[in-house]
Amino acid sequence: MNALPRPSTIFLAAITTLVAVLLYSPLFVPIVSSFFTISQGNVDWSSPTLSTYAALAENHDILAALRTTLIVGVCTVILSVVSGTLLALYYHGRRSGRSFLQFIIFLPFLMPPIISGLALLIFFREIGLERSLLTVVIGHTVFVLAIVYRTVLMRLQSMSRTLVEASYDLGATGWQTFWRIILPNLSSAMVGGAILAFALSFDETMITILVTGTQSTLPVRLWAMMRLGFSPDINALVALILMFTVLLCVLAARFLIPRQMATERT
Amino acid sequence: MTENTDLLTLRSVSKSYGPVPVLHDIDLSIRDGEFLTVLGPSGSGKTTVLRLIGGLEPLTSGEIHLDGQDISRMPINRRPFNTVFQDYALFPHMTVSGNVGYGLSVRHVRRKEIARRVAEALELVQLGRFADRFPAQLSGGQRQRVALARALICQPRLILLDEPLAALDLELRRQMQEFLKSIQREIKTTFLFVTHDQEEAIGMADRICVMQAGHIRQLGTPHELYYKPNCEFVARFFGENNLVAGKLGPVQGEQRPIETALGRLVCSISGQPHLKAAADGASAFAAFRPEALHLANGEDSGNRFSGTIADLAFAGSSTVATITAGANGAAQRLRLRVPSRIDGSALKSGETVSLSFAPHEGHLVLA
């Protein structure tokens, strides 16, 4: 790459910094302000406190919403990892019909969530399925399936075909080859996909609002709280969700970035 | 184990990928206990032969017999053969001993027995210390030996090796050649070794099967292929050679003359009845190796011609001279290989020399 003249480098650096600050600083506002109390509409900057977090812990509605979110997340992860992996295995190496299937799988992920949500809502009503946590799980699975499918398929494609051949050559059956060779080589991709799926399910709002019954998940609860007015425990909640999501992304990256099976252990 | 009994026989085996034929009517017998090398340029179908025997690909037509029984449709995991893949195909999530023991463990051999045989196999390939490492922690040569140990632990009737040395550097390749050969002598298992490297083939094989464009061109010992190639392809492909085109003359006992641009050359045809049977005037080549050619002295009777040294190349122990010989318009480029000398070769570039080769060191191939 050609080095740019010094003034332009400085200029570019300034622009980049400005954009970064403008885009990302709002993210830190709720985190910082979650450590302060609000009195009469103004943030009281004088004394940092954890009282907002304490208030959050005593808010039973929020705790219930958190539990719902976790249940939905876990169910979604199980459903999407199993079906995404099966789809990837089935379509790996197949030519016919694959691009159509991929299109179908990616559609809900790329469509505006409100459209996916409405489509699902109409579908559930037509088949007479009551809105409940089950419909939420189905909605989330449809939404995150693309991520798991893509992650597993990419790992399958990077796996050498001779590994499977070698397994058969050494006398293994198809079943043994699947459990002992294919699955272990996919496992880190499946874990990575699962974490991403969980993170997506965790803060999915639009589809959830449309297809949920009486129970609300954390983001939906947050949405409802916002409508009633700005309260300090919202800051705490946002801060917690933000940290949790970042943690999940870091974890996912660890599993998805190829690395050696084990570093020097001897 | 007696040699010369056939272990595996291919009977008019053909293979096509869709409309593209890659093997045409191959007949091949592999003897019990031999080191057979399948040699050919890329695209000759040599790897396909190996994959068909291993069961990695189905036959298009023909039969494969093991001990006289048709195994053409036997599934890959039932065939008593094991393969060493070109990329080794070691399982990255298993340790060295996990890899080596895999073939036994999928057959539900008892743990103790597996541990004992894995240790034995690793001892054989001199990797005892590396049992707990992962493939990613090994060098190329070590991975190669793990792949070999993994293939031979199931005591297969035949070990198939698909260009296993291609990824190694020259020095390591030489070591591995000797190593493979010594292992083969020790365990007395039949090896089928596929390669495009003719030096590798000469160095290791009991017999070599030369393939080109989906056909077997010649099957024989390295010595036979080198001194009695049966066609132009083998004569050119297998080692350095000088080929001079001409018309055959009448048979003279175990020799036959050929009229070429370099004059009448007499070559041996002993043990090659098809050369005896060829018609007078048929197109053929006189073939003689660069080391068979020498500077003529008074004692040489026949096969004399003169040439000009166009180029000299020092190649360590020997020096190779490129020579232009024959009348203008029909000039031939020949190679002459002489032992190098410390005070510089006796040959000089641009010099015209008189050359000769003995009739018993020349051979004929039909065009």
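Letters A, B, ... mirror the listed sequences (proteins, then strands); counts begin at 1. In this text, all values refer to a predicted model and were calculated from it rather than measured experimentally.
Shown here is Arg107(B), whose CZ atom has more than 12 heavy atoms of other residues, nucleotides or ligands within 6.0 Å. In Met111(A), the CE atom is crowded: over 12 heavy atoms of neighbouring residues, nucleotides or ligands sit closer than 6.0 Å. More than 12 non-hydrogen atoms from other residues, nucleotides or ligands lie less than 6.0 angstrom from OH of Tyr17(B). Within 6.0 Å of CD on Glu123(B) lie no more than 12 heavy atoms contributed by other residues, nucleotides or ligands.
Phe91(B) contributes atom CZ, which lies 9.0 Å from atom CG of Asn185(A) (distance to the nearest 0.5 angstrom). For the atom pair Tyr102(B) OH and Asp169(A) CG, the distance stands at 11.0 Å (nearest 0.5 Å). Rounding to the nearest 0.5 Å places CD of Glu165(A) at 7.5 Å from CD of Glu57(B).
Between Leu163(A) and Pro92(B) the shortest side-chain heavy-atom distance falls below 4.5 Å.
The nearest pair of heavy atoms linking Val106(B) to Gln176(A) is O-NE2, 2.8 Å.
A side-chain donor-acceptor contact under 3.5 Å links Asn77(B) to the backbone of Ala172(A).
Annotation: maximal heavy-atom pairing with chain A below 4.5 Å, among Ser105(B), Pro156(B), Cys154(B), Ala147(B), occurs at Ser105(B).
Of the atoms belonging to Phe130(B), not a single heavy atom falls under 4.5 Å from chain A. Within the 4.5 angstrom heavy-atom criterion, only side-chain atoms of Arg161(A), from C-beta onward, approach chain B. In this structure, chain B has no heavy atom under 4.5 Å from any part of Ser187(A). Residue contact with chain A, scored on non-hydrogen atoms closer than 4.5 Å, involves the backbone and the side chain of Asn82(B) alike. Only the side chain of Phe85(B) comes within contact range of chain A, with at least one heavy atom under 4.5 Å from a heavy atom of that chain. Proximity to chain A (any heavy atom under 4.5 Å) is shown, for Leu104(B), by neither the backbone nor the side chain.
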